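Read through the structure below, which is laid out as structure tokens, and then see the notes.
In this chain, residues are counted from 1 in sequence order. None of these values were measured; they are calculated from a predicted model.
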Amino acid sequence: MSVDAQKQYLRLLRADLIALCLGAVLSAFNLDNPATNRQLMIASALLLLLGVVLTILLNQKTLKQRWYGGRAAAESVKTLAWRYMLCAEPFSHGLPPAAARQLFVQSLREILAESEVLAVALPDSEAMQITDAMDRVRRLALAERKETYLSERVLEQLNWYRSRAEKNATSQSWLFSAVIITQLMAFGAAMSLSVWPEFWINPAGIFATLAASFLAWLQVKQHEELAQSYAVAAHELSLVREAGMLVAHESELSAFVADAETAISREHTLWLARRDQLRKTI
């Protein structure tokens, strides 16, 4: 649900920026043929009007609620599921199976109750909330549960954070370079027009709009913030993974899971902050 909402939001934003850029391109022409100029201006006006409509749609809170709220809930559920499987607090090893299952279901209800949009937008599902695989892991011996957690959760998240940190850092660099280049091109075009004011096209406005669009995309994607956050999380998880090798008792495993989930929750905290900030604006 969160991924679908994100795709829809970014698709609208992309269409909005493209409409603005195309509108700027068409409005930049100054041809000798008045009829052609008029057609270009009408087309430009329609594209800019389309941009207004798309901007209004982007301002609606539903997509962001589903994007941020869904992602925050998903991260909470993942942490909850791993705690259940590893017999970590509050699903301790000594808790009877029926009580552990009841506590897990109640915790799920609390997560979903935090957001009205989740209750409305989540698709119907006949899948069991506590799967056979979850119960199978929970019944494993301590060493096997620890190994499962280290390989399937900690290492998987560590690799994910590392790759996402590198990807976001690269995207940040490319987009920032695009902003600077288009701004310099806008400056050069403006200087050229001071020498040739009757030139048949005014590219300064085109490059300025492109620079603003790249900057807007950069702000929405937050590549720099994510790259830093993911890099710190990856470093913390590498340390947590080393500590996990020394776990030998149930109490130590529970504490280890708590430390690991705290490191993993950097992204969870980010999505919770975005969700709560969105709530304040409604």
Side-chain angles (χ1 to χ4, degrees), residues 1-9 60-139 145 148-149 152-154 156-158 160-161 164 222 225-226 229-230 233 236-237 240 253-282:
M1 182 193 70
S2 178
V3 169
D4 288 342
Q6 179 194 34
K7 287 180 178 179
Q8 291 178 45
Y9 181 86
Q60 302 301 310
K61 300 298 188 295
T62 304
L63 283 179
K64 282 188 176 181
Q65 282 181 309
R66 290 168 57 194
W67 177 7
Y68 299 164
R71 188 58 181 272
E75 296 297 332
S76 296
V77 170
K78 283 196 290 185
T79 290
L80 198 66
W82 277 107
R83 285 180 178 273
Y84 175 87
M85 286 187 284
L86 270 290
C87 301
E89 292 296 335
F91 311 100
S92 60
H93 190 263
L95 200 64
R101 294 173 70 89
Q102 184 178 3
L103 180 58
F104 183 85
V105 171
Q106 179 59 35
S107 300
L108 282 181
R109 288 197 184 101
E110 293 173 359
I111 292 173
L112 295 179
E114 292 181 358
S115 177
E116 295 180 0
V117 70
L118 296 182
V120 175
L122 277 176
D124 292 333
S125 174
E126 297 181 358
M128 296 295 293
Q129 299 305 309
I130 301 177
T131 65
D132 292 338
M134 291 169 63
D135 280 331
R136 184 167 59 252
V137 173
R138 184 174 173 84
R139 291 192 297 267
R145 273 182 282 131
T148 299
Y149 187 70
E152 301 298 329
R153 178 62 163 167
V154 176
E156 190 275 337
Q157 286 292 134
L158 174 59
W160 188 88
Y161 278 127
R164 296 295 291 182
Q222 297 182 320
E225 176 186 349
L226 291 175
S229 177
Y230 291 160
E236 289 184 359
L237 276 176
V240 168
L253 179 62
S254 183
F256 164 63
V257 171
D259 289 341
E261 292 300 325
T262 297
I264 293 171
S265 71
R266 278 188 171 273
E267 186 186 15
H268 182 201
T269 302
L270 176 64
W271 289 108
L272 284 173
R274 290 181 176 181
R275 183 198 66 187
D276 294 342
Q277 183 63 35
L278 181 62
R279 284 178 177 174
K280 295 177 182 179
T281 65
I282 298 176

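Distance alone, capped at 3.5 Å, places no donor-acceptor pair between the S254 side chain and the A88 backbone.
Around the CD atom of E156, the shell of radius 6.0 Å holds more than 12 heavy atoms that belong to other residues, nucleotides or ligands.
A search for salt bridge (Lys or Arg N to Asp or Glu O under 4.0 Å) contacts involving R153 returns E261, not counting sequence neighbours. Take V77 and apply the side chain to side chain contact (heavy atoms under 4.5 Å, CB included) test, not counting sequence neighbours, and it matches L108, I111.
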Pair R71, Q6 - check side chain to side chain contact (heavy atoms under 4.5 Å, CB included), show working. CA-CA 10 Å; R71 188 58 181 272; Q6 179 194 34; 5.9 Å; no
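In this structure, CE on M134 lies 10.5 Å from CG on D132, to the nearest 0.5 angstrom. Rounded to the nearest 0.5 angstrom, E75 CD and S2 OG are separated by 9.0 Å. Note that CD of Q157 is 11.5 Å distant from CZ of R164, once rounded to the nearest 0.5 Å. To the nearest 0.5 Å, atom CG of residue L237 and atom CH2 of residue W160 are 11.5 Å apart.
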Could you go through residues 80-87 and list every donor-acceptor pair under 3.5 Å that involves a side-chain atom there, pairing it with any protein atom two or more places apart or in another chain?
residue	atom	partner	partner atom	Å
R83	NH1	E89	O	2.8
Y84	OH	D135	OD1	2.6

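Smallest separation of non-hydrogen atoms from R66 and A5: CB-CB, 3.7 Å. Across all non-hydrogen atoms, the minimal contact from R101 to I130 is NH1-CG2, 3.5 Å. Of all non-hydrogen atoms in A100 and R138, the two that sit nearest each other are CB-NH2, 3.5 Å. When all heavy atoms of P90 and L95 are compared, the pair lying nearest together is O-CD2, 3.9 Å. Across F256 and V240, no two heavy atoms sit closer than the pair CE1-O, 3.2 Å.
Taking the six-membered ring where the residue is Trp, F104 and F91 present tilted rings, their angle falling between 30° and 60°. Ring pair Y230/Y161 is tilted by interplanar angle, where 30° to 60° counts as tilted.
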